[in-house]
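Within every chain, numbering begins at 1; the chains are lettered A, B, ... in the order of the sequence lines, protein sequences first and strands thereafter.
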Amino acid sequence: MKRIISVLVENEPGALSRVVGLFSQRGYNIETLTVAPTEDSTLSRLTITTVGSDHVIEQITKHLNKIVDVVKLVDLTEGAHIERELMLIKVRATGSQRAEVKRCVDIFRGQIVDVTASVYTVQLVGHSDKLDAFFQAVGEASILEVVRSGVTGIARGEKVLSL
Amino acid sequence: MEQLSGGDMLLRALADEGVECIFGYPGGAALHIYDAIFRQDRVHHVLVRHEQAATHAADAYSRSTGLTGTCLVTSGPGATNAITGIATAYMDSIPMVVISGQVASDRIGEDAFQETDMVGVSRPIVKHSYLVKDPAQIPAIIKKAYYLAASGRPGPVVVDIPKDMTAQGKLFDYHYPETVRLRSYNPATRGHAGQIKKAMQLMLAAKRPIIYAGGGVIQGNASAPLTALAQKLNVPVTNTLMGLGAYPGDDKQFLGMLGMHGMVEANFAMHNADVIFAIGARFDDRVTNATEKFCPGAKIVHVDIDPASISKTVQADVPIVGPVDSVLNDMLQILDELKQTMDTEALSVWWAQINEWREKHGILVKPRYDTTSEAIKPQEVISALYEVTNGEAYITSDVGQHQMFAAQYYPFKYPRRWINSGGLGTMGFGLPAAMGVQYAHRDAVVACVTGEGSIQMCIQELSTCTQYHLPIKIICLNNQALGMVKQWQDMNYGGRHSESLYEESLPDFIKLAEAYGHVGVRISQRAELKDKLTEVFAMKDRVVFVDIQVDTKEHVYPMLIPHNDPSGANGSMRDMFLSKTERT
């Protein structure tokens, strides 16, 4: 089952490699990984999506907690949460396709952020499933390039991940 | 405030931390540090002959004293040579600080001479690591390194110091912090009271209980409360390879080691237990055999300082995260408060069963190997060693058959006397480990049980023994082959001894010992074994290399039958080979 783990780590060089190294070293999967500093400049926040049985996920969170640079973590999938991913996608847009792609972008509530005579660059934000659905809607043949940010997420309601 | 250079601050910090000695080897990037060593006399240095030996010596210094070991190496090859020893300490949770020189900070990343990314290379085998970026930080980093190494689940910590950080000339205010606080690191200090009570109630209700204690009990200095608890409850105790000595090996409640080459009575008792009280042990694959067949009827209490060790391979019914000594003391106290007592009737039935197994299979009850053989049996060498040293020696070992024989036939009465590489299984560990032990215990009897294979992996350290007057006794069980490899080839590979035989290429160990200025003794007759060993241990101030020509065909038994063995019942802890022809 897919899990989203949010991790606060010391904003130190090497901290990220310790986290990533743990996954490769123990044979766990990383599906997506996002990292950025937080409002507290001494901390970075990582969001990792991974798949595994409950037993594996338990081991992952235990081993993450053991890393000295890891300050705190939460498995967002244990509670109600919001997850988002950002995608930039270059789509061929010529002739009758131009209007078709534009319509599709509107339906998915995306934005065209760059235009040339033959290409639209589309920005789309949402649940990963929605991004996948956009692929299918536009049709793979017209997709020139895709970049996805990886999943980031936050718990719903009053729950916060902080020190 | 006193002003010191980075190098002098490092040495002062080590002294203020209480470090008595460093095992190390100099080189370019560490030269400022070595110069600082020369300028002080509070911290001693032992010059080894290979960096791997420095790590093993520091590791064994720690294992035998409970203090944190320290080693110092240079960058590049010095650092990479230390890796095997760091991994050894990591697998066995040994507190150790490894200080490595690094190329100057403005050279890092340029593929400079003797540059290796030590923090990167060592990352999967350290508890934590630091790269020093500001000399002023050296005292604080040293304080944190020692705190991290020794607290919680202990382990090695690397401090990588670029050469310019320790240069003379630039001075910094020296202040050694008294305390250390890391917001991201808070190891448990007490076990959960509710869980402890639950565990004790489970134990008291047990009809066939067993205590399975590992190296954590030794690392956590909890032998005394463990022994008290076990004896109060009259429960049988088994130790892991790493835990030997945690419970007195000569006590009648002790069933010996469990696992792969464990005692039949210990493995049978585990398999048939209704409550297993695991403490400071980690259900290693060399203990459990196939986990799906592991102890089918048992409820499991698991006490460990490391939450990640609990329910990793075998699900615990009552998990307790905490330091083993405090948990055991809490248990002893609860035991006094609870009105409940053990079911003595069930317990005496259980003991009768165990004693029957012990009588039938116990290798210390009577020899289970061929005692009529003309060849010297490795088992009887260890028994003779036990006798000659009164069971009081510090025994280090290398890895292979000799290691298992030592674990089986030398019942350790105290903790920290049995020094071996259990987790990583590092050949070459024994001799440098014996140096670390002898350095820490100058007057103690220290013997390294080894084989002609393992000893050659760090044999250069015979020279270090000369320089520092470390009168180790090397007990080499020479069977002219990589014994354990050969045993597996005999059992699983149709007796094809692929690259496990030395074919008369072995050195003359007697001459070799003499070349280093030591005494060499060869034992090739059974009749002379005990007398010669007695003579060896009478040479108190000499290193003696004892080359013992043992039976080349001997296998280590008992041995768990792995789950894929086609010949019959397999995979559980009660499935064991008892000899080349018998099985349980």
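Using a 4.5 Å cut-off between heavy atoms, A/Glu58 touches chain B through its side chain atoms alone. Of the two parts of A/Leu8, neither the backbone nor the side chain holds a non-hydrogen atom closer than 4.5 Å to a non-hydrogen atom of chain B. Residue B/Leu131 does not touch chain A at all, counting heavy-atom pairs closer than 4.5 Å. In this structure, the portion of A/Val70 lying under 4.5 Å from any heavy atom of chain B is its backbone and not its side chain.
Residue-environment remark: NZ (B/Lys143) exceeds the threshold of 12 foreign heavy atoms within 6.0 Å. By the 6.0 Å contact criterion, CG on A/Asp129 is enclosed, its count of non-hydrogen atoms from other residues, nucleotides or ligands being greater than 12. Enclosure of atom CD in B/Glu110 by more than 12 non-hydrogen atoms of other residues, nucleotides or ligands within 6.0 angstrom is indicated. In the displayed structure, A/Arg98 atom CZ is contacted under 6.0 Å by more than 12 heavy atoms of other residues, nucleotides or ligands. In this structure, A/Ile154 places its CD1 atom where only 12 or fewer heavy-atom neighbours from other residues, nucleotides or ligands lie under 6.0 Å away. No more than 12 heavy atoms of other residues, nucleotides or ligands lie within 6.0 Å of NZ in B/Lys299, so this atom counts as exposed by the packing criterion.
Note on A/Asp69, A/Val68, A/Val71: by heavy-atom pairs under 4.5 Å with chain B, the leading option is A/Val68. Counting heavy-atom pairs closer than 4.5 Å to chain B, the top-ranked of the candidates A/Lys66, A/Lys72, A/His63 is A/Lys66.
Here A/Glu12 contributes atom CD and B/Tyr130 contributes atom OH; the two are 8.5 Å apart, rounded to the nearest 0.5 Å. In this structure, the separation between CG on A/Leu22 and CZ on B/Arg123 is 8.5 Å, given to the nearest 0.5 Å.
Residues A/Gln25 and B/Pro124 share a closest heavy-atom pair of NE2-O, 3.2 Å. Closest heavy-atom contact between A/Gln59 and B/Ile310: NE2-O, 4.0 Å.
Looking at heavy atoms from C-beta onward, B/Asp306 lies out of side-chain contact with A/Lys62 at the 4.5 angstrom threshold. Between A/Arg18 and B/Ser129 there is a side-chain heavy-atom pair separated by less than 4.5 Å. Counting heavy atoms from C-beta on, the side chains of B/Thr313 and A/His55 never come closer than 4.5 Å.
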| said: Please determine whether side chain to side chain contact (heavy atoms under 4.5 Å, CB included) holds for the pair B/Lys127 and A/Ile67, giving the CA-CA distance in whole Å, both sets of side-chain angles, and the decisive distance to 0.1 Å. | reply: CA-CA 8 Å; B/Lys127 185 166 171 185; A/Ile67 296 174; over 6 Å; no

